[in-house]
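Inspection log for the structure reproduced underneath, given as structure tokens.
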Amino acid sequence: MTHLLDLDHWQEIRVALLRNRTRTLLTAFGVFWGIFLLMVMLGSGSGLRNGVLQGFSDGATNSFFLWTQRTQKPYAGMPAGRGIRMTNADVAAIREKVPEAEVVAPRNQLRGFGGGNNVSRGRKTGAFSVMGDYPEIRRVQSLRIETGRFLNPIDVEESRKVAVIGTRVRELLFARGEEPIGDSIVIRGVYFQVVGVFVSPQTGDAAERDAQTIFVPFTTFQRAFNYGDRVGWMAIISRPDVPASVAEEKVLSLLRSRHKVAPDDLRAFGHFNLEEEYTKIQGLFSGIRLLVWIVGVGTLAAGVIGVSNIMLIIVRERTKEIGIRRALGAKPSAVVSQIVSESVILTSLAGYLGLVAGIALVVGIGRLLPPGGAGMFLDPDVGVGEALQALAILVVAGVLAGLAPAQRALAVSPTVALRSE
Amino acid sequence: MIRLTRLNKSYPMASSKLHVLKGIDLSIAPGELVAIMGASGSGKSTLLNVLGLLDGYDDGDYHLDGQRIGQMSETKAAGLRASLLGFVFQSFNLIPFKTAVENVALPLYYQEVPRRKRNKLAEEYLDRVGLADRAGHLPRELSGGQQQRVAIARALISNPKVILADEPTGALDSQTSLEVMEVLREINATGVTLLIVTHEREVAARTRRVIRLRDGRIEGDGPPETVFGTASPAPAAFAHVVASTSDSAPAAVLAT
Ligand SMILES: Nc1ncnc2c1ncn2[C@@H]1O[C@H](COP(=O)(O)OP(=O)(O)O)[C@@H](O)[C@H]1O
Ligand SMILES: [Mg+2]
């Protein structure tokens, strides 16, 4: 094996590969393309993943939402199809009886979407979503304050008439350059003072929706819009050491018993578990990645089989030369190492170029994207680990591709040297 | 140096066997210069393949340099070839994309001699066959005679005890043939055992022993004069050949 250190060993490989450039290039392209595709697909996969998971970025993944629907089963003398109303008492009960729930944030909402105009300022009006919220909502729904501040506990405590508005709300209700902070807007006939403007870190539709949202204190909302002690829905965050699903189960069974809902009536309360959703999406992307690897490795395998075939042809063409070398004292191991080296060099060189080109394309696309990402696409990237894995696969593939041709070369009898053509 | 006893070799055919060497008994002493003659198909190349450890045989015995050569691994055969044997072929068999000096150095590459050392040795051997100035040339840039001399230098570089040449002049014109023959004779003069397969009388006449093969059997064995029934060529005629090709008749070889 010392000849691996010999310059001539590598020179021979160079000569062998350059002897038929077109053929070498075409063969190399197969491997190049396989790796290139693999890298681009992995990069796109990660971009998609980053884009989608960004929606969860700051939001607590150990949280869930719950709201009321109609009962599906008769229970305790009550008919099915009964509507349920949650109240402040439910919030208090959960806080008291479910220690797994760290934050219980009740919410109410005035729907703006598709409805009539519900907010105005002077002559300007608009239809917006108005949320009655606790400040803790920010732990569930990520928001960035652009100017001013978000709701605080005192706002809730004192039922202050303050509002934090989205950027689209500001656009529609205020003139360009007009300062909204400290000014008033009218929601359903009630004046609220604007204390902050927020920006959504989301992309696409979600960002659009956030921009048309107004946050007011939960308590103010109930009073101002005659909601009494009604609670529309709740956002609940479980303790860090408790899975959201566990807290969710406890809260649900507590509410079922408080509202005389059958314990097995699963549809009476609606709920949405961010953690579950997150895991599901994570799983989806693991699946996509697996698929990408299977497809990529398949493409790569096709390229490698191409290398193997070409090497077989090269060996056949060089039968006489191999015979001469063996007559001159080349040991079988030297012949094998020669052929396998050629195969490994061809495969890994072509693969390396494909790797670099693929990563360059992925990084280039990443650069071209706007800072917040485009649509569901953000920061496409190929991990160093994955790139190294791909390289290792290449070298192994190169060795495998060289084995059959090397076997063929070994079968060449040295007597061919004496045969005159 | 070489001893064959009742050696048989046949090639397996589709249904039967082709019996090519039929009980060859042969003994060659160190330093001999032997020509092997015979009609085409009489088994000359087959014999050389067996002697050169390029191929096996069926039964009988083969001793090379005191060692019995039986069944052996290809790795061991390659090692013995590298250390004991040199080959010269009819079609020169130089590697076409390697320069003269690289071709000469090739056997040492397989013996894992460091690059610098083997290239230096290769230049010395090229000089011995009078081609020092062609070291960097590719085979296709050399004449047939020059290519064969490169091949001879390649056979010599590993310092073999036996050189086996299969029709070394078969592809050369008679003038060049005689020049190459002279180079081979000079090598033999340094003590290397030399076996030359040839069908040319002029070539065989310049050896000291001629073995005639016919249909896989030794039909005649003796000095050229007795085998051909004529005297060996006059020294004067030979001197004429050398003189007329003074640039390619290597003084260095003659001096060693
Ligand atoms: N590898 C082989 N397989 C089968 N038959 C062979 C092989 N090599 C040579 N022969 C046959 O063996 C006989 C002797 O061949 P060879 O030794 O090449 O003769 P020569 O060199 O004297 O012309 C011929 O009939 C030839 O066809
Ligand atoms: Mg022959």
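The shown structure was predicted, so the numbers you read here are calculated from the model rather than taken from an experiment. Just so it is clear: chains get the letters A, B, ... in the order the sequence lines come, proteins before strands, and each one is counted from 1. We use all heavy atoms of the structure for the numbers below, so side chains are in, but hydrogens, waters and symmetry mates are not.
- Residue Asn49(B) touches chain A through both its backbone and its side chain, counting heavy-atom pairs closer than 4.5 Å.
- The pair Arg289(A)-Glu386(A) counts as a salt bridge, with a side-chain nitrogen and a carboxylate oxygen less than 4.0 angstrom apart.
- Residues satisfying the side-chain contact (heavy atoms from CB on, under 4.5 Å) criterion with Asn20(A), sequence neighbours excluded, are Thr22(A), Arg23(A).
- Of the atoms belonging to Arg19(A), it is side-chain heavy atoms, and not backbone ones, that fall under 4.5 Å from chain B.
- Across Asp55(B), Val197(B), Leu53(B), Ile95(B), the residue that shares the most heavy-atom pairs under 4.5 angstrom with chain A is Ile95(B).
- A salt bridge does not link Glu141(B) to Arg134(B): none of the charged side-chain nitrogens sits closer than 4.0 Å to a carboxylate oxygen.
- Looking only at atom types and distance, the side chain of Thr99(B) has no donor-acceptor partner in the side chain of His137(B) under 3.5 Å away.
- Only the side chain of Lys98(B) comes within less than 4.5 Å of a heavy atom of chain A; its backbone N, CA, C and O stay farther away.
- With sequence neighbours left out, the ring pair (Phe, Tyr, Trp, His ring centres under 6.0 Å) criterion links Phe36(A) to Phe32(A), Trp33(A).
- Residue contact with chain A, scored on non-hydrogen atoms closer than 4.5 Å, is absent for Arg116(B).
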